[in-house]
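For reference, the structure is listed below as structure tokens.
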Amino acid sequence: MNKPNDLAEVREKFYQDIDGLSMAPLWEVFRSLITHSPKTAALPHCWRYEDVRDWVLRAGDVISAREAERRVLVLENPGLRGQTRITNSLYAGLQLILPGEVAPSHRHSQSALRFIIEGTGGYTAVDGERAYMTQGDLILTPPMTWHDHGSEGDGPTVWLDGLDIPIIQTFDASFLEGFHEESQPSTRSPGDSRARYGRNMRPIDTSLTNTSSPVFSYPYDDYREALEKMRVQEEWDPCHGLKLTFINPQTGGPVMPTIAAFVQLLPKEFSTAPYRSTDGTIYTVVEGLGRAHVGDEEFQLTPRDIFVVPSWCPFRLDAEEDLVLFSFSDRSAQEKLCLWREQRGNDGDTK
Ligand code: 1HN
């Protein structure tokens with residue numbers, strides 16, 4: 001039998017020998033691969049809009065939307081710097097379009113959503129239909145839909161982009177095509193898809209598909225009113241207040257194959273019970289004031305701030321005024337893969 005030191009040497013020699021054959025010992029990494037509960041390098045973080053706004057606008061001085069293709073400042077998670085992501089599975093950024101500019105038309109395998117932060121007169125065209133942007137609107141560009149952005153407004157338009165880029169990277173399944181013109185032609189008038197699919201009806205003889213939502217614009221005024229109507233009942237969930245998920249009206253399920261989106265209302269002075277879930281989530285404040293407690297961090301929240309809650313990180317909210325939060329996550333993908341879990345309150349704490 002070898003002495004302990006010899007054994008360590010024997011093993012090291014063994015590892016070196018198999019290394020040349022592109023092999024490695026599982027037992028050295030097993031426990032870090034298969035953890036008892038989610039362990040992520042992503043950190044809780046808040047980007048205060050007040051701190052970043054100027055830099056987003058100044059990006060307009062250093063590059064045009066045309067040259068950049070997409071003029072975006074990426075929101076990189078401080079625990080994942082250099083990886084172009086806000087959680088391990090999702091990308092987020094702040095995109096700027098100035099009056100008269102065009103971000104040229106393309107399509108790709110990645111799913112994208114836009115949540116409008118400021119400005120009016122900007123638009124996204126999706127498969128021949130334009131959706132004009134107002135603060136608080138949600139606009140989808142599902143996988144392989146042609147999309148371009150432009151602005152007919154007289155000031156900057158800024159929105160939060162969310163894409164599933166790291167998920168598509170994991171699958172090595174990325175395709176990108178450019179459109180043969182900078183802006184795609186309008187083949188439908190604004191609001192057409194909403195008229196057809198967004199009113200609890202659909203044109204007869206259309207087949208149901210299981211892919212993404214045929215409605216790609218969810219205007220703020222519309223869903224804000226829904227929250228206000230629901231609030232009358234005072235059925236506040238201890239962990240979420242009043243929370244709705246945006247749906248694909250063809251399935252009742254999440255808006256896109258990988259990304260789910262949500263909005264919630266907390267009344268003034270409401271504090272949520274501790275909560276965590278396996279879907280690392282990106283939040284932005286639409287209205288109100290409050291505080292977010294994310295792991296050991298505490299963020300003071302004001303409108304347009306963006307913060308990230310990593311997977312399985314304990315999270316709670318205090319509303320100082322009526323607080324409206326928009327959020328998105330990879331819950332849509334996790335549910336399909338039977339991975340999604342949540343923990344409400346502190347019960348059965350498994351660390
Ligand atoms: C993209 O297509 C957009 O269409 C924004 O606005 C950000 C980041 C990576 C890859 C494609 C857009 C993107 C993107």
Side-chain angles (χ1 to χ4, degrees), residues 47 52 55-57 59-60 62-77 80-119 121-133 137-153 156-184 212-213 216-218 255-259 261 282 284 306 308 328 330 333:
W47 291 262
V52 300
W55 295 102
V56 172
L57 298 184
V62 301
I63 197 164
S64 66
R66 181 171 286 121
E67 193 191 345
E69 186 150 348
R70 295 298 185 261
R71 185 174 47 213
V72 182
L73 297 189
V74 179
L75 302 177
E76 284 201 327
N77 189 291
L80 304 167
R81 290 310 306 270
Q83 297 183 47
T84 324
R85 61 187 71 183
I86 190 162
T87 64
N88 207 32
S89 63
L90 294 174
Y91 157 104
L94 285 168
Q95 183 161 174
L96 169 71
I97 284 276
L98 295 169
E101 282 194 317
V102 170
S105 194
H106 67 196
R107 63 177 184 173
H108 41 65
S109 321
Q110 289 80 3
S111 299
L113 61 75
R114 338 264 163 210
F115 188 76
I116 316 311
I117 302 285
E118 69 164 297
Y123 66 83
T124 293
V126 182
D127 279 350
E129 181 181 331
R130 283 185 181 182
Y132 283 86
M133 297 169 162
D137 294 354
L138 169 66
I139 296 175
L140 312 176
T141 56
M144 291 322 264
T145 52
W146 292 109
H147 57 281
D148 47 80
H149 316 294
S151 174
E152 297 169 356
T157 304
V158 177
W159 64 83
L160 173 67
D161 280 320
L163 285 90
D164 57 0
I165 294 169
I167 298 177
I168 306 311
Q169 271 176 336
T170 290
F171 289 115
D172 283 338
S174 174
F175 291 92
L176 167 70
E177 293 170 48
F179 197 68
H180 56 87
E181 290 173 84
E182 211 162 51
S183 300
Q184 59 185 302
S212 301
S213 175
F216 66 92
S217 171
Y218 297 75
V255 283
M256 290 190 291
T258 51
I259 306 179
I282 299 90
T284 184
I306 297 156
V308 56
F328 67 95
D330 65 7

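Atoms within a ligand are numbered from 1 in the order they appear, just like the ligands themselves. Owing to the predicted nature of the structure, the values given are computational and were not obtained by experimental measurement.
Close approach to Asp161 involves these atoms of ligand 1, each under 4.0 Å from a residue heavy atom: 5 (C), 7 (C). In summary, the atoms of ligand 1 found under 4.0 Å from a heavy atom of Arg114, numbered by their order in the structure, are 3 (C), 4 (O), 5 (C), 6 (O), 12 (C). Close contacts of ligand 1 with Tyr91, meaning ligand atoms under 4.0 Å from a residue heavy atom, involve 7 (C), 8 (C). Contact atoms of ligand 1 toward His149: 4 (O), 6 (O), 12 (C) (distance under 4.0 Å to a heavy atom of the residue). Residue His108 approaches ligand 1 through these ligand atoms, each under 4.0 Å from one of its heavy atoms: 1 (C), 2 (O), 11 (C). Per-residue contacts place Ile165 under 4.0 angstrom from the following atoms of ligand 1 (heavy atoms of the residue considered): 8 (C), 9 (C), 10 (C).
Between Glu69 and ligand 1 there is no heavy-atom distance shorter than 4.0 Å. Judged by the shortest distance from any of its heavy atoms, Gln95 lies inside the 4.0 Å radius around the atoms of ligand 1.
Here Ile167 contributes atom CD1 and Thr258 contributes atom OG1; the two are 5.0 Å apart, rounded to the nearest 0.5 Å.
The closest side-chain heavy-atom distance from Leu90 to Ile282 is below 4.5 Å. Contact of the His108 side chain with the His147 side chain is registered, since non-hydrogen atoms from C-beta on lie closer than 4.5 Å. Counting only heavy atoms from C-beta outward, the side chains of Pro143 and Pro257 approach each other to under 4.5 Å. You'll find the side chain of Ile139 reaches within 4.5 Å of the side chain of Phe216, heavy atoms only.
Shortest contact from atom 4 (O) of ligand 1 to any protein heavy atom: Arg70 NE, 2.7 Å. Here the heavy atom of the protein found nearest to atom 14 (C) of ligand 1 is Leu163 CD2, 3.7 Å.
A donor-acceptor pair is defined here as one N or O able to donate and one able to accept, closer than 3.5 Å; no such pair exists between the side chain of Asp330 and the backbone of Ser89. Put simply, the side chain of Thr157 never gets that close to the backbone of Gly153: no donor and acceptor are under 3.5 Å apart.
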